[in-house]
Amino acid sequence: MDLTQKIISLSKRRGFIFPSSEIYGGIGGVYDFGPLGNELKRNIKKVWWQSMMKEENMVGLDSGILLNPRVWQASGHLTAGFADELVECKSCHKRFKKNEIAGNKCPECSGKLTKPRKFNLMMKTFVGPVEDNSSITYLRPETCQGIFVNFLNILNSMRLKIPFGVIQIGKSFRNEITTKNFIFRTREFEQMEMELFCHPKEADKLFDYWKEQRLKWYQDLGIKKENLRVVEVSKEDRAHYAKRQTDIEYHFPFGWEEIEGIHNRGDFDLSNHSKHSGEDLKYFDEKSDQKYFPYIIETSVGVERPLFAFLTEAYQEIKGGRKKIKNQKSKIKIKHEAEILLKLDKRLAPIKVAVLPLVRNKPEIVKKAKEIYNLLRPHFSSQYDEVGSIGRRYRRQDEVGTIFSITVDFQTLEDDTITCRDRDTMAQERVKIKDLVKSLKEKLENC
Ligand code: GAP
């Protein structure tokens with residue numbers, strides 16, 4: 001099994017990611033995030049949001065998924081800007097993105113291919129009860145347009161001065177010709193976008209600043225430097241709105257692929273929205289007594305690609321298992337399979353604390369463990385597990401990246417202490433129950 005397959009299998013088995021509508025055979029390019037995947041996703045979004053809000057002059061927005069369809073005329077998404085070249089196999093009728101086909105034969109059945117034609121990626125829908133041309137609109141393919149069309153509202157209501165940034169997290173939809181590599185390219189995904197409005201002369205400097213900030217963000221969350229690279233995108237390959245584009249790429253198990261785009265969008269968006277809407281979206285700079293369209297520096301990333309990268313980076317298999325717990329005197333020979341350890345950053349780990357009664361046939365121990373679980377739950381994302389041997393339960397927690405495992409044992413009944421096992425060092429510390437929340441809060445600062 002290759003690493004992608006292993007991650008897919010772990011994701012399904014342990015409640016991270018499921019294919020959407022699986023009982024009906026699924027739907028291409030859509031995934032559901034299970035109890036743990038949802039926590040992981042929320043943690044990624046939280047860390048991203050916090051890192052952005054640390055900046056001066058940064059505000060948030062939550063705009064609609066549906067916009068007036070004229071937005072998409074102005075943004076260039078309904079014209080050539082947002083279409084991929086599609087070829088179809090004349091024999092098996094499968095469709096492919098032209099730039100992903102090596103030769104001129106079908107990669108599936110070697111059949112002949114049709115000539116390439118443009119395929120627009122916008123997801124069409126209708127607003128209101130009448131399904132005619134006047135009610136057509138689209139699910140947004142990027143969240144940033146909601147920011148651009150609110151430029152004046154935000155500027156005026158928040159009394160901002162340039163440079164200032166607007167951030168947004170939300171769903172985007174693209175009718176991708178092909179979806180592949182698990183959650184890497186899907187038709188429904190979430191984006192985290194930052195749009196910085198600035199003076200044109202400041203744009204280059206701010207572009208470089210943001211490129212560095214975004215690279216640091218991944219490294220700070222555990223992605224190795226050697227698995228990240230920055231690619232300057234040539235004029236021919238840039239997005240239709242970009243004056244300059246740098247992709248941050250990650251070394252996925254299937255090769256180097258884009259994880260995030262940093263764009264200098266120039267005045268493309270504000271000048272086009274001004275033209276199409278008739279509203280004056282120029283900024284009046286009191287200091288210089290100038291009126292101009294601000295340039296926009298954008299950092300744009302899906303939630304799912306970093307999530308996939310974090311899982312890839314954190315996934316470890318330890319052949320023969322990790323060091324066994326002391327005093328385990330089992331005479332039964334256990335054939336140890338490789339143990340999985342998901343070494344996610346503690347801010348990202350979906351479960352921070354697991355509570356495990358040493359045995360489940362001692363009502364006093366079980367009762368105490370449940371009390372501790374109730375004590376921790378309001379403070380930390382926690383789980384209670386009493387099924388199987390304690391070693392097996394530690395392994396189950398390691399497999400999903402749980403930071404601490406609390407064991408309630410016979411000594412607990414005597415002195416009100418528990419053992420707190422650290423996922424990474426496997427060190428076990430005895431802590432008084434009355435100090436437990438405080439001690440965990442210190443260890444899980446910023447989580
Ligand atoms: N507003 C600019 C913009 O949307 P993009 O390069 O088209 O730029 C930015 O997309 C990011 O959104 C990508 O780097 C990727 O992380 C994510 N993304 C785009 N299409 C995606 C898809 N089909 N599935 C998953 N993530 C996608």
Side-chain angles (χ1 to χ4, degrees), residues 17 20 27-31 33 41 44-45 48 61 63 65 67 71-72 74-77 81-84 97 100 119-123 138-149 165-196 207 210-211 214-215 217-218 223 228-233 237-250 252 254 256-266 268-270 272-273 296-312:
I17 305 165
S20 166
I27 170 167
V30 188
Y31 287 89
F33 289 78
K41 227 179 173 199
I44 293 172
K45 290 187 275 187
W48 181 87
L61 180 75
S63 68
I65 286 174
L67 287 91
V71 169
W72 308 114
S75 70
H77 283 83
F82 201 58
D84 277 345
K97 257 172 115 167
E100 287 180 353
F119 179 79
N120 193 284
L121 305 183
M122 299 287 279
M123 288 260 196
Y138 304 87
L139 305 186
R140 65 181 176 198
E142 53 178 12
T143 59
C144 57
Q145 295 299 331
I147 298 179
F148 305 148
V149 296
V166 184
I167 57 175
Q168 168 152 238
I169 300 179
K171 289 266 184 176
S172 290
F173 302 81
R174 297 185 188 182
N175 198 10
E176 300 282 358
I177 296 171
T178 49
T179 56
K180 60 176 185 178
N181 294 329
F182 192 34
I183 55 168
F184 178 79
R185 183 177 297 131
T186 52
R187 296 196 170 103
E188 177 178 340
F189 54 97
E190 269 189 283
Q191 278 189 314
M192 308 188 281
E193 300 202 293
M194 190 280 309
E195 310 297 325
L196 186 86
F207 185 99
W210 277 101
K211 190 174 74 182
R214 296 303 302 142
L215 265 175
W217 187 79
Y218 292 103
I223 306 257
L228 289 166
R229 73 179 187 194
V230 172
V231 176
E232 192 71 33
V233 180
D237 292 334
R238 267 178 228 155
H240 63 278
Y241 47 75
K243 275 175 111 63
R244 186 178 165 199
Q245 178 175 342
T246 289
D247 288 346
I248 298 181
E249 293 191 346
Y250 175 69
F252 284 98
F254 40 85
W256 287 99
E257 291 284 359
E258 173 191 334
I259 190 170
E260 168 157 357
I262 320 282
H263 309 120
N264 176 352
R265 299 180 70 121
F268 179 89
D269 304 283
L270 292 182
N272 275 311
H273 284 308
I296 293 171
I297 301 301
E298 170 182 74
T299 70
S300 174
V301 59
V303 182
E304 292 79 0
R305 286 189 192 176
L307 187 147
F308 194 176
F310 291 131
L311 286 178
T312 306

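Atoms considered below: every heavy atom in the structure, side chains included; atoms not considered: hydrogens, waters and symmetry mates. We count ligands from 1, going down the list as the structure has it; atoms in each ligand are counted the same way.
Each of E142, C144, R174, E176, F184, R185, T186, F189, Q191, E193, Y241, E258, I259, E260, G261, H263, R265, E298, S300, V301, G302, R305 has a non-hydrogen atom positioned under 4.0 Å from some atom of ligand 1.
Remark: side-chain polar atoms of R238 are paired, donor with acceptor, to backbone N or O of V233 under 3.5 angstrom. Put simply, the side chain of Q145 never gets that close to the backbone of W72: no donor and acceptor are under 3.5 Å apart. When atom types are taken as modelled, the side chain of N272 and the backbone of V71 share no donor-acceptor pair closer than 3.5 angstrom. Side-chain atoms of R229 do not come within 3.5 Å of backbone N or O of E249 as any donor-acceptor pair.
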Report task. Test ring pair (Phe, Tyr, Trp, His ring centres under 6.0 Å) on H240 and F268 and set out the steps. Result -> CA-CA 9 Å; H240 63 278; F268 179 89; 5.7 Å; yes
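In this view, F184 and F252, F254 satisfy the ring-ring contact (aromatic ring centres under 6.0 Å, His included) rule, not counting sequence neighbours.
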